Amino acid sequence: MKILVVGGGGREHALVWKIAQSPLTSEIYAAPGNAGIQEIARCLPISDTDIAGLLAFAQEKDIDLTVVGPELPLAKGIVDQFEEVGLKVFGPSREAALLETSKAFAKDFMIRHHIPTAEYRVFDSAEGARRYVLQRGAPLVVKADGLAAGKGVLVAKTISEAQDAIHRIVEQKAFGGAGERVVVEEFLKGEEASVLALVDGKVFKTMIPSQDHKRIYDGDRGPNTGGMGAYAPAPVITEALLSEIEERVLRPAVLGMEQEGRPFRGVLYAGLMITAGGPKVVEFNCRFGDPETQAILPLLEDDLLELMLAVCEGNLEGRRMNWRSGAAVCVVLASGGYPSSYNRGAVIQGLHHFPTDDVILFHAGTRRDGLRVLTDGGRVLGVTALGSDVRQAVSRAYQAGEKISFAGAYYRRDIAHRALDREPSPDDPSYGGKDTQRRDGSEDSHPRDCLSGGGPLGCL
Ligand code: AMP
Ligand code: GLY
């Protein structure tokens with residue numbers, strides 16, 4: 001089959017890497033791709049938001065399946081436009097993507113379908129929002145309604161920070177049209193985690209839970225970024241909690257979207273806060289997470305392309321997702337200055353050391369210049385390592401990261417710290433960190449039907 005992957009970040013490299021392993025794949029294209037993707041796919045000089053250009057290419061080449069990585073083309077209706085001309089495409093329609101593209105829609109949807117989330121109000125004027133802030137008191141979270149590249153959320157510790165955030169979003173239009181409406185919501189305390197599921201409109205299959213690190217600095221300080229690292233599985237999500245999330249979040253969301261006439265197909269990403277009162281949804285995304293995907297897909301034993309085709313055909317019922325044992329950790333190497341301004345064009349050294357048996361380098365912001373590979377974005381590389389447990393995967397990822405260098409490189413040193421805090425250390429007599437990784441998945445794969453959503457909990 002001929003496959004086109006739309007996007008050019010670390011998530012898309014992981015998607016191309018996994019799809020290339022399917023025996024069904026004959027040719028893979030990526031638009032626009034990056035220097036790492038270029039080693040396994042033909043990269044096209046088409047932007048991921050140029051829907052007309054992508055459509056023309058897919059028609060001319062008779063592409064069998066287009067897989068959409070980022071949210072912007074989904075928000076622009078790429079899926080509707082491809083389906084209109086009979087092209088198969090993996091991702092939600094524009095109406096279904098509202099779960100991510102409008103926070104006001106997502107919040108109201110959650111209330112309609114009794115999905116646990118923070119208390120909130122939506123405002124289309126700064127004045128109303130300000131009054132509500134005074135009435136509620138701090139801390140509060142102020143969010144631009146629309147897409148703002150992960151920057152439109154401001155956690156306000158004081159009333160005056162909340163008032164400033166409202167001023168920036170609504171009056172100064174810091175995020176353009178995304179701030180025409182503003183959501184003011186209750187601040188939730190707890191640990192965050194991401195639970196992603198494949199959804200075919202009716203049936204969902206839950207993926208292995210993961211955790212992202214959104215802040216730029218160690219200890220979860222500093223401004224939000226696209227994500228500075230991720231790992232899976234996230235031990236904060238126990239099997240019992242995962243079942244609860246399936247019952248209270250995923251099932252009503254999938255059913256609700258179908259009932260409202262905008263069935264969701266693709267990846268539904270629930271960003272959750274695990275609070276003392278149970279899991280609550282912080283946000284929905286309508287696509288694979290970045291960098292969560294770089295940690296999740298290396299653990300997936302099954303053929304991703306087959307699963308994606310099942311999603312497009314409404315045929316997920318009865319399928320399983322099987323996960324290898326152990327853990328995967330992705331440490332993002334970023335350009336110094338990110339998420340504010342940063343330089344591009346630094347030469348990256350040390351790439352020839354990889355891949356190894358345990359380490360895969362997923363490229364994000366890179367481009368080839370003759371024989372050299374240069375930095376070309378804020379997030380540059382995702383160093384992803386596998387291990388028998390999170391501790392081993394973390395140590396492998398950091399050892400690998402030390403072999404790579406470029407001017408101004410920056411990375412967090414504490415990726416997966418929450419999981420490590422829960423795991424016994426090798427000095428602890430209860431530690432059993434033997435290397436149980438397998439490539440064939442025959443014996444050591446997770447016997448976790450509940451993770452596959454394959455039992456009664458996972459199927460609608
Ligand atoms: P979002 O784009 O909505 O996921 O928000 C970005 C980040 O802001 C989240 O990952 C959380 O760390 C934080 N955040 C958003 N909403 C809340 C909330 N209600 N309470 C606490 N933190 C939040
Ligand atoms: N890692 C967060 C996201 O993909 O939105």
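None of the values given here were measured: they were computed from a predicted structure. For ligands, and for the atoms within them, numbers begin at 1 and follow the listed sequence.
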Quick one: does R287 get a heavy atom under 4.0 Å from ligand 2? yes
Could an N or O of ligand 2 be found under 3.5 Å from any N or O of E292, whether backbone or side chain? yes
Tell me, do K205 and L307 make a side-chain contact under 4.5 Å, heavy atoms counted? no
Which is closest to atom 1 (N) of ligand 2 by heavy-atom distance: N224, D212, T293? D212
Indicate yes or no: at least one non-hydrogen side-chain atom of E244 is less than 4.5 angstrom from one of P279. yes
Would you mind telling me if ligand 2 is within reach of the side chain of R11, the backbone, both or neither, using heavy atoms under 4.0 Å? neither
Evaluate the side-chain proximity of Y410 to Y338: yes if any heavy-atom separation is below 4.5 Å, no if none is. no
Minimum-distance pair of heavy atoms, taken over all atoms of D212 and G229: OD1-O, 3.1 Å
Any G227 heavy atom less than 4.0 Å from ligand 2: no
Would you say G226 touches ligand 2, if touching means a heavy atom closer than 4.0 Å? yes
Anything with a heavy atom under 4.0 Å from ligand 1 counts, so go ahead and list those protein residues by chain and number. K103, A118, V141, K143, V153, E185, E186, F187, L188, E192, K214, N224, M273, V282, E283
Any side-chain heavy-atom pair from W323 and L300 closer than 4.5 angstrom? yes
Is any N or O atom of N285, backbone or side chain, closer than 3.5 Å to an N or O atom of ligand 2? yes
Qualifying ring-ring contact (aromatic ring centres under 6.0 Å, His included) pairs, either residue in residues 174-196, two or more places apart: none
Which segment of Y269 sits under 4.0 Å of ligand 2 when only heavy atoms are counted: side chain
G289 heavy atoms within 4.0 Å reach ligand 2 at atoms 4 (O)
So do the side chains of R418 and V236 get within less than 4.5 Å of each other, counting heavy atoms only? no
Please say which of R215, R412, K214 ends up in a salt bridge (Lys or Arg N to Asp or Glu O under 4.0 Å) with D220. R412
Go through the structure and list residues passing side chain to side chain donor-acceptor pair (under 3.5 Å) with E119, not counting sequence neighbours. R136
With a 4.0 Å heavy-atom cut-off (strictly under), which part of Q211 contacts ligand 2: side chain, backbone, both or neither? neither
Where does the angle between the aromatic ring planes of F362 and H13 fall among parallel (under 30°), tilted (30 to 60°) and perpendicular (over 60°)? perpendicular
Would you list the pairs meeting ring-ring contact (aromatic ring centres under 6.0 Å, His included) in which at least one residue belongs to residues 247-282, sequence neighbours left out? none
